Amino acid sequence: MKKEHWKTARTAASCLMLLLLFGCAHQSESPGEFITISEKTEAPETVEDSVDEETEELVTVFICGAVNSPGVYELSAGSRLYELIDCAEGLREDAALTALNQAMLLEDAQMIVVPTEEEMTQNAIAEASDGLVNINTAGLEELMTLPGIGKAKAQSIIDYRTEHGAFSKIEDLKKIEGIKDGVFSKLEDLIKVN
């Protein structure tokens, strides 16, 4: 009888241990390994965390002129002008293809005007009549006609406007390396921006 009692007690103790063990844990996919509920539970992802991961930086740009669908478009930050032109359903047949640098990076709140070939011709005639060099449209040779501007500085002007867009005022020319107040004072009455 003592043997049976001892066997029953041992079985009951084993069952109790199993109940306690299975009540506080469940078996993982790997046999023989247990994970407690507190280890398995993770903090729920907050709405803010999921929004940050999905938020993409955008730029809003207005394009008009010789495009098929002028308007305001949102593109990913780092987009280039040719991508904006695609959004605007391409250039019209009369667009001046060489008027804009299509590889230019877009900036937020930027306005792009695509001129026609006729407008470019009229602008060239008007510019020639006033004798001023437009630093936003002048080529290498025309820039080199300015006092103190050699080939290297002329190329720097072209490179700067290609990378940063058109000059908004003539004083912006001083942002070019090698063009300080002294050189600028010789140029200011000979140059213009559109």
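These numbers come from the heavy atoms of this one structure, side chains and all, not from hydrogens, waters or symmetry mates. We're numbering straight along the sequence, starting at 1. Quick caveat, the model's predicted, so the values are computed rather than measured.
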Please name the pair of heavy atoms, one in [X] and one in [Y], separated by the smallest distance, quoted to 0.1 Å.
X	Y	answer
E107	H164	OE2-O, 4.0 Å
Q110	L105	OE1-O, 4.1 Å
A99	P115	CB-CG, 3.4 Å
G139	I158	C-CD1, 4.0 Å
G65	R92	O-NH1, 3.4 Å
V133	L143	CG1-CD2, 4.2 Å

Enumerate donor-acceptor pairs with a distance under 3.5 Å from any side-chain N or O in residues 70-78 to protein atoms, sequence neighbours excluded.
unit_1: Y73; atom_1: OH; unit_2: S69; atom_2: O; d: 2.5
unit_1: S76; atom_1: OG; unit_2: E56; atom_2: OE2; d: 2.3

L81/N101 under side chain to side chain contact (heavy atoms under 4.5 Å, CB included): CA gap, chis, key distance, verdict: CA-CA 7 Å; L81 179 55; N101 174 11; 5.9 Å; no
Greater than 12 external heavy atoms within 6.0 Å of K174's NZ: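 Result for NZ/K174: enclosed.
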Heavy-atom neighbours of E171 CD exceed 12 at 6.0 Å: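 Counting neighbours around CD of E171, more than 12 heavy atoms of other residues, nucleotides or ligands fall under 6.0 Å, so yes.
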Sidechain-backbone polar pair: N136 side chain, V193 backbone, donor-acceptor under 3.5 Å: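 No; judged by distance alone, with no hydrogens or angles, the pair does not exist.
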Counting only pairs under 3.5 Å, give me each side-chain donor-acceptor contact of residues 145-157, with atom names and distances, residues two or more places apart or in other chains.
unit_1: T145; atom_1: OG1; unit_2: E142; atom_2: O; d: 2.5
unit_1: K153; atom_1: NZ; unit_2: G178; atom_2: O; d: 3.3
unit_1: Q155; atom_1: NE2; unit_2: D159; atom_2: OD1; d: 2.8
unit_1: S156; atom_1: OG; unit_2: A152; atom_2: O; d: 3.0

